[in-house]
Amino acid sequence: MMIQTLRDRSSFHHWLHHRYSTPAGSGSSVDRKTKDVENYELLPKHEKALLSLTSMGYTVEEASAAVERCGPDASIGEITDFICAAQMAKTEAVFYEEEKPKKLFTSNGKLKRKKFHELEAHKRKKQKGPLTEEDEVIRLPNPMIGFGVPSGSTAITHRTLPDAAVGPPFFYYENVALAPKGVWDTISRFIYDVQPEFVDSQYFCATARKRGYVHNLPIKNRFPILPLPPRTIHDALPMTRRWWPEWDPRTKLNCLQTSYASSRLTDRIRKALEKWGESENVPEDVRKYVMYECRKWNLVWVGKNKVAPLEPDEVEMLLGFPRNHTRGGGISRTDRYKSLGNSFQVDTVAYHLSVLKDIFPNGINMLSLFSGIGGAEVALHRLGIPLKNVVSVELSEANRDIVRSWWEQTNQKGNLVHLADVQQLNPDKLEQLMRPFGGFDLVVGGSPCNNLAGSNRVSRDGLEGEQSALFYEFPRILDLVKCIMNGQNEN
DNA sequence: AACACCATGAGAAATCTT
DNA sequence: AAGATTTCTCATGGTGTT
């Protein structure tokens, strides 16, 4: 009966309409969320919180950022804890300190490209009036530490989830933090209005990775996997230390991406440096040029005057994967870079998932959407959480091969089922998959970022872009899982 | 202003297939 | 050897936050 209901609403567009809201310009569409918020806004709790915080001596910036992150239901104590944690992390983090360059080595401005993520832009049509829901855009926290990171002395340990978000199952969704405006609002709205936790992996390892995570996991008593990964470039890549010029102040790498610097570029850099002899003789403007390219392309020093992009091995290690995880078995070098660049940072994700260890001492059943090279699987394994049944959905055959190889190499006792296309996962199929073990304890997924990522110069179209629109599969399937599990419980 | 950003696509080169 | 396919090389801005 429940399944029948699901089948009725399984038409994607019908379902989309059910949940989608276009706040601006479409007064006709009545939306559940819009209504709720309008009522709620009648009592602006966060305004009150802001007032008391500023009266306590915090700056408006600190206070508003903290209130935004902690949510309107947070107590003043929780909010001040957050501000405290933020201040601590700020003083700890000393990155990229340097004199400001006078010249930019970018190419000249060109003709304006066509309209950018028109839909999102349309949503925030200027309504300069009092704070309405449409202006309530999710903002990124600074520092980007989410509810807390391992080295932070204080962390937020409590939050109030919307009723609809409370598990089972637990869910964990991930995507790039720096998405076009409005994207995270939409993502949050589609996943039971859970506020994203934005975290930069530079607080976990030697490389930055700014991501948003929407999840309903407990946030108390998190712990990192051991051993802790190297936290600086020098510790992660000790061979580079010898060649690192004193005027390169980097201690952390920038985000690891899917494309890498050309040999021509590193050649140009070598030639630019060679004529000056020792590195201390390199003039200021050349240093600026070299540093600009090094930051842009994550180059490291591998010899005298020689910079190089990271090897796949090194990317693997920085992201927390076992050595050779993506190596061999028929994957090309290019695809290896691509698969790694699109992956989780294992230590970061594991920290968030660590709370599951006490809840599921005998192991978990997991649905993994957009699995990629299995970041979530690796994280759980490293945490010592047994994997009982894993249904992994991943389009790329090369990636599926990687996960399957890892599964066999690590002598998993559980059962791994691989599927290719999330769009093919209908209620019947899902019900059939879940029947042997009752249901999923955890649903994980990081949907395609192609049309959200800042590096995309061609088709950064937002959530409606060709690949990134697959995001909607996550809440669709999560809903299905939830319904099927409730249906089974009723029987 | 400075800076960072899970990328894409055209064309060349290498490799595989017939 | 010719054609088909895969892999590699390289250049290509703009948005949003600080």
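From a predicted model like this one, the values you see are computed outputs, not experimental measurements. For the numbers below, each heavy atom of this structure counts, side chains included, while hydrogens, waters and symmetry mates do not. Letters A, B, ... mirror the listed sequences (proteins, then strands); counts begin at 1.
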Compare the minimum distances between each of [options] and the side chain of [X], then state the nucleotide with the smallest one.
X	options	value
A:N450	C:dT17, B:dT8, B:dC6	B:dT8
A:R460	C:dG14, C:dC10, B:dA7	C:dG14
A:R457	C:dG13, B:dC5, C:dG16	C:dG13
A:R268	C:dT7, C:dA11, B:dA7	C:dA11
A:R295	C:dT18, B:dA4, C:dC10	B:dA4
A:N254	B:dA4, C:dC10, B:dC6	B:dA4
A:C449	B:dG9, C:dC8, B:dC6	B:dC6
A:V458	C:dC8, C:dA11, B:dG9	B:dG9
A:A453	B:dC6, C:dC10, C:dT7	B:dC6
A:W297	C:dT7, C:dT12, B:dC5	C:dT12

At under 4.0 Å between heavy atoms, what does [X] touch on the DNA or RNA strands: base, sugar-phosphate, or nothing?
X	result
A:S259	base
A:S447	base
A:R333	sugar-phosphate

[X] [atom1] to [N] [atom2], straight-line distance once rounded to whole Å:
X	N	atom1	atom2	value
A:N142	C:dG16	CG	P	18 Å
A:Y260	B:dC6	OH	C1'	10 Å
A:L140	C:dT15	CG	P	17 Å
A:K338	B:dA7	NZ	P	10 Å
A:L265	C:dC10	CG	P	10 Å
A:E311	C:dC8	CD	P	12 Å
A:R250	B:dC3	CZ	P	13 Å
A:K210	C:dG16	NZ	P	16 Å

*Do you know which two heavy atoms are closest between A:L353 and A:L383, and how far apart they sit?*
C-CD1, 3.9 Å
*asked:* How close do A:P322 and A:E316 get, counting heavy atoms only, and between which atoms?
replied: O-OE1, 3.7 Å
*Sidechain-backbone polar pair: A:Q257 side chain, A:G341 backbone, donor-acceptor under 3.5 Å*: no
*Are A:W184 and A:F198 near enough that their ring centres are under 6.0 Å apart?*
yes
*asked:* With a 6.0 Å cut-off on the ring centroids, do A:F474 and A:F370 count as close?
replied: no
*Please figure out whether A:G454 or A:D335 has its closest DNA chain C nucleotide nearer the 5' end.*
A:D335
_Earlier contact from the 5' end, DNA chain C, for A:R264 and A:S332_ = A:S332
Report yes if a side-chain nitrogen or oxygen of [X] is closer than 4.0 Å to either non-bridging phosphate oxygen (OP1 or OP2) of [N]; otherwise report no.
X	N	value
A:S455	B:dA7	yes
A:R211	B:dC6	yes
A:T258	B:dT8	no

*Could you check which residues of residues 392-405 of chain A get a heavy atom under 4.0 Å from DNA chain B? Sort them by number, please.*
none
*Stepwise, does the salt bridge (Lys or Arg N to Asp or Glu O under 4.0 Å) test hold for A:K271 with A:D267?*
CA-CA 6 Å; A:K271 289 193 166 82; A:D267 192 48; 2.7 Å; yes
*Are the side chains of A:L265 and A:E293 in touch, meaning some heavy atoms are under 4.5 Å apart?*
yes
*Walk me through it: do A:E408 and A:R404 pass the test salt bridge (Lys or Arg N to Asp or Glu O under 4.0 Å)?*
CA-CA 6 Å; A:E408 285 163 12; A:R404 186 177 296 108; 5.3 Å; no
_Under 3.5 Å on both distances, the Watson-Crick or G-U partner of B:dC6_ = none
*Quote, to the nearest angstrom, the P distance that separates C:dT18 from B:dC6.*
15 Å
_Could you go through A:Y472 and A:Q423, starting from their C-alpha distance and side-chain angles, then the distance that decides it, and tell me whether this counts as side-chain hydrogen bond (donor to acceptor under 3.5 Å, both in side chains)?_
CA-CA 10 Å; A:Y472 296 105; A:Q423 299 185 85; over 6 Å; no
